[in-house]
Amino acid sequence: MSRFYLTTAIDYVNSRPHLGTAYEKITADVIARYRRLRGDETHFLMGNDEHSQNVYRRAVELGLDPLAYCDRMEQEFREVWRKLDISFDDFIRTTEPRHRAGVTALAERIAKAGDLYEGHYEGWYCVSCEAFKQEKDLVDGNCPVHLRPPEWIREKNHFFRLSKYRQPLIDHFAAHPEFLVPDVRRNEILRLLESGLEDISVSRAGQSWGIPLPSDPSSVVYVWFDALINYASAVGLGTDAGQFARWWPADLHVIGKDITRFHAAVWPAMLMSAGVALPRQIFGHGFVSLKGQKMSKSLGTILDPVDAADRFGADPLRLYLVKEIAYGADGDFSWERFEERYNVDLANNLGNLVNRVAAMTDRYRGGRLRASGATAGRLAATAEAAVADYRRSMDALALHEGAAAAYRIVDAANEFIAETEPWTLARDPAQAGRLTQTLYDVTEAVRLAATLLLPIMPSSSAQMLRRVGEPVPEGLELHDAARWRPAGERVVAKADPLWPRLEPKAPPAAAPEEPAAKAAHSTRRAKPMSEEQKDQPAPPAALPVTPTATPAQAGGERISIDEFMKVELRVAKVLAAEKVPNSKKLVKLQVDVGTEQRTLVAGIADAYEAESLVGRTVAVVFNLKPAKLMGIESNGMVLAASPEGGKPALVTFDEPVPPPGSRVR
RNA sequence: GCCGGUGUAGCUCAGUUGGUUAGAGCACGCGGCUCAUAUCCGCGGAGUCCGGGGUUCAAGUCCCUGCACCGGCACCA
């Protein structure tokens, strides 16, 4: 059995994890779960990076012992990871003894190789930045970033001979093209290597918060040098040779693109110096922005992933992040887009598929299927091809393509239902066998799709599998599970929709501050009332995008009277009406709304003859954005009741009929 | 200033090692179905792949160049 050891970057504990941090963990978790599904013995490491001066200062500010502060943050982080269903096998903190032992061991080896030397550094040092500043960078003698005076520091420093490893690194990159992916990152580092490497300082003098440098306990190991070593110390470097031999080298470091040079240049050089094997691969993922804006604490453009998980469950968020963002590239999150994908991918396609096959199986076969394996038509072939694509993509870390491959099965199953028309088969007793097989084939497609989606949506995929009567067995393995099974017996469970459609809650209230620049997207449905609508008029700096105020729960949320009053309903008199040519149910109306005449288009032709409408008094939405229907611009909307499956019925008024222009409310 | 990114359908984006009529989802229009969460299926319209050079039998894809937009040089994924 092959082993797979993967890690994510360890996180600073200055603040709670946000969507960007969660993105990294979620995608790494998908990889980890995929490897387990493949049958690899997998070790997935995460952790917290605690030896930072910022952490120390933050703790002091709060009047806490730094370690106590870190303890508290650890609980917060773990809670977030739990909610997001992150299945790490180990969680390391850099304040743990095992890490200290690892750092000590590695530093000693590097020192022994002659790659640590003592030097001095002096200059302006900004404590907040934890970095030295050039004289020219100062503004009025202050740190340009923190607007506070830096300190002049002359300190003894220990340097690592990074420059010595320039050529070995170049050679390594040449010999192992897969060492750093995607290619953009690799090219970046190659350019860096070509331009030369300078030795780097690896210690800080006069600080207590950190791990003492073995050769000079008056200094502590610089936080970056310290942090990188977690990957090795977590699996026993310096504490457990057996375990270390078992897991090292790591197969994959998943990191953010901003820290590639530390991982792809500094870290391998450190390992080379110490004579330790290099990790096999480093993946530098992109960043997730929020509505096109970089997430920033100071701008308040932070999205709390727990929020999204609390509202819809972790799985929809996971699917969105994995499927909608090309892994390696930057991506964007917005609530509109999230809700769109939720409705399309989950409610309409996958969820509805599970639901319809369950309903049909229940109705036609009492929930039981016994299939002999006669046919599956193209469905089986499509599914198996998708499985192959999925594996190829997932192996190559193209997670978004893996998700897309799984969805090809979902699409094929919906098409298959349309082609085979089980409801037609059900009317002909001679087709009984075919019907059973057809339904079975669909459940089989669901089983395969859900199996492939297990790494991405662990809990809902397991639920889908239960519904099609194939609960996840212990130690499920892909090579066996992802094979099409032409025959079998299963009990299918009818149940509530897994993902109820998110219906809009507010009317499309003609947001007047929107200069209609976004084109005439007139949807029949109203847009959900989401955060950014509330945001828009406010000054950009002060608005937390974190949607805490009005959680958009699925279901009937009530609106305020103010919200309702945004909709201007008016009495209108129909002056002229004609059926729109080539349309089935559209009528073009000329109406008097009191202040003016309007042209609007209504979908009521199957209930009303155009001529019969002339002279009638109707209710219209006056302040609706214009929309084009069949080439005609409609400036408003006629109110009508739309009974289930029936024809629309116009809203009418009691006598005496009010004059056009009267407000309705 | 330094570094980097992006520019492909109305919108959001895919486009593997350059290789047939450039794709998806959403939106829009038309049609079909009724098992299903008003869901699903089919068809359709619409792109100077930012501009200009170049390499090549062949370029959205490689090279040069111009333009536009954006980001980082705080913390951070």
Side-chain angles (χ1 to χ4, degrees), chain A residues 8-9 11-12 14-15 17-25 27 52 54 126 128-131 137 143-147 184 188 191-192 254-259 285-289 292-298 302 305 323-326 329-332 334 336-337 340-341 343-349 351-364 392-393 396 398 400-401 404 407 411 413-419 421-426 439 442 494 496-503 518-525 554 582-584 627-631 642 644-645:
Chain A
T8 65
D11 298 297
Y12 276 128
N14 323 359
S15 59
H18 62 265
L19 187 67
T21 322
Y23 175 63
E24 173 172 300
K25 313 311 172 193
T27 56
S52 148
N54 282 330
C126 171
S128 296
C129 296
E130 292 189 63
D137 293 334
C143 164
V145 178
H146 293 92
L147 304 175
V184 257
E188 238 173 75
R191 252 174 280 144
L192 172 78
V254 174
I255 58 161
K257 64 178 182 179
D258 55 333
I259 52 177
H285 68 247
F287 296 155
V288 180
S289 58
Q293 294 241 299
K294 184 176 181 174
M295 264 182 265
S296 146
K297 237 193 304 175
S298 50
I302 292 276
K323 182 164 179 282
E324 293 307 302
I325 300 174
D330 289 348
D332 190 54
S334 73
E336 295 109 308
R337 186 140 170 84
E340 175 203 304
R341 297 323 308 171
N343 273 346
V344 172
D345 288 334
L346 294 172
N348 294 356
N349 290 337
N352 185 48
L353 173 65
V354 173
N355 217 37
R356 64 201 299 216
V357 73
M360 285 191 281
T361 304
D362 182 68
R363 183 192 289 197
Y364 304 136
R392 230 190 331 275
S393 300
H400 57 299
E401 288 177 11
Y407 259 84
D411 292 340
N414 275 321
E415 286 162 30
F416 181 74
I417 292 175
E419 281 165 20
E421 301 188 10
W423 49 93
T424 306
L425 297 177
L439 294 175
V442 175
K494 216 174 102 171
D496 288 338
L498 286 163
W499 299 281
R501 256 188 86 86
L502 301 175
E503 294 299 344
K518 287 191 173 171
H521 268 171
S522 92
T523 324
R524 188 74 58 86
R525 318 179 185 109
N582 299 324
S583 82
K584 197 169 161 185
K628 264 207 168 156
L629 299 168
M630 294 287 289
S642 310
E644 196 83 24

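By convention in this document, chain letters (A, B, ...) are assigned in the order of the sequence lines, proteins followed by strands, and residues within each chain are numbered from 1.
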Atom [atom1], compared across [N] and [M]: separation rounded to whole Å:
N: rC67(B); M: rC57(B); atom1: C1'; answer: 32 Å
N: rG25(B); M: rG72(B); atom1: C1'; answer: 31 Å
N: rG71(B); M: rG53(B); atom1: P; answer: 32 Å
N: rG7(B); M: rC13(B); atom1: P; answer: 10 Å
N: rA9(B); M: rA22(B); atom1: C1'; answer: 10 Å
N: rA27(B); M: rU34(B); atom1: P; answer: 24 Å
N: rA46(B); M: rU39(B); atom1: P; answer: 27 Å
N: rG47(B); M: rU8(B); atom1: P; answer: 15 Å

Any N or O donor-acceptor pair linking the side chain of Asn355(A) to the base of rA36(B) at under 3.5 Å?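 Answer no: no donor N or O sits under 3.5 Å from an acceptor.
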Across all strands shown, which nucleotide pairs with [N] by Watson-Crick or G-U wobble geometry, both distances under 3.5 Å?
N: rC26(B); result: rG10(B)
N: rG71(B); result: rC3(B)
N: rU21(B); result: none
N: rA46(B); result: none
N: rU55(B); result: none
N: rC40(B); result: rG32(B)

Closest of rU37(B), rA14(B), rC41(B) to the Trp499(A) side chain is rU37(B)
Of the listed nucleotides rU34(B), rC26(B), rC40(B), the one nearest the side chain of Glu340(A):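 Of the options given, the side chain of Glu340(A) lies nearest rC26(B).
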Whole angstrom value for the distance that separates [atom2] of [N] from [atom1] of [X]:
X: Asn414(A); N: rU34(B); atom1: CG; atom2: P; answer: 16 Å
X: Ile417(A); N: rC35(B); atom1: CD1; atom2: P; answer: 12 Å
X: Asn352(A); N: rU39(B); atom1: CG; atom2: P; answer: 9 Å
X: Phe287(A); N: rC73(B); atom1: CZ; atom2: C1'; answer: 13 Å
X: Arg337(A); N: rC26(B); atom1: CZ; atom2: P; answer: 10 Å
X: Lys494(A); N: rU37(B); atom1: NZ; atom2: C1'; answer: 13 Å
X: Asp332(A); N: rG25(B); atom1: CG; atom2: C1'; answer: 16 Å
X: Tyr407(A); N: rC40(B); atom1: OH; atom2: C1'; answer: 14 Å

If you pin Asn343(A) and Glu401(A) to their nearest nucleotides in RNA chain B, which one's is more 5'?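 Upstream on the strand: Glu401(A).
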Contact nearer the 5' end of RNA chain B, comparing Thr424(A) with Gly351(A): Thr424(A)
Residues Arg501(A), Asn352(A); criterion side-chain hydrogen bond (donor to acceptor under 3.5 Å, both in side chains); working and verdict: CA-CA 10 Å; Arg501(A) 256 188 86 86; Asn352(A) 185 48; over 6 Å; no
What's the spacing between Phe287(A) CZ and Tyr23(A) OH if we round to 0.5 Å? 11.0 Å
Among all residues two or more places apart in sequence or in another chain, which pass the side-chain contact (heavy atoms from CB on, under 4.5 Å) test with Ala398(A)? Ser393(A), His400(A), Glu401(A)
Can you name the side-chain contact (heavy atoms from CB on, under 4.5 Å) partners of Asp411(A), sequence neighbours left out? Asn349(A), Glu415(A)
Phosphate oxygens OP1/OP2 of [N]: is one of them under 4.0 Å from a side-chain N or O of [X]?
X: Asn349(A); N: rC40(B); result: yes
X: Arg363(A); N: rC35(B); result: yes
X: Asn348(A); N: rC40(B); result: yes
X: Arg341(A); N: rU12(B); result: no
X: Arg501(A); N: rU39(B); result: yes

Side chain to side chain contact (heavy atoms under 4.5 Å, CB included), paired with Met360(A), selected from Leu425(A), Val442(A), Ile417(A):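 In the set Leu425(A), Val442(A), Ile417(A), the residue that makes a side chain to side chain contact (heavy atoms under 4.5 Å, CB included) with Met360(A) is Ile417(A).
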Between Asp345(A) and Lys323(A) (salt bridge meaning N to carboxylate O under 4.0 Å), is one present in this structure? yes
Hey, does Ile255(A) reach any base, or is it just sugar-phosphate, or nothing, if we go heavy atoms under 4.0 Å? nothing
Using a 4.0 Å heavy-atom cut-off across all strands, classify Ala347(A) as base, sugar-phosphate, or nothing. base
Shortest non-hydrogen contact between Ala413(A) and Leu353(A), atoms and distance: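 Shortest heavy-atom separation between Ala413(A) and Leu353(A) comes out as CB-CD2, 3.7 Å.
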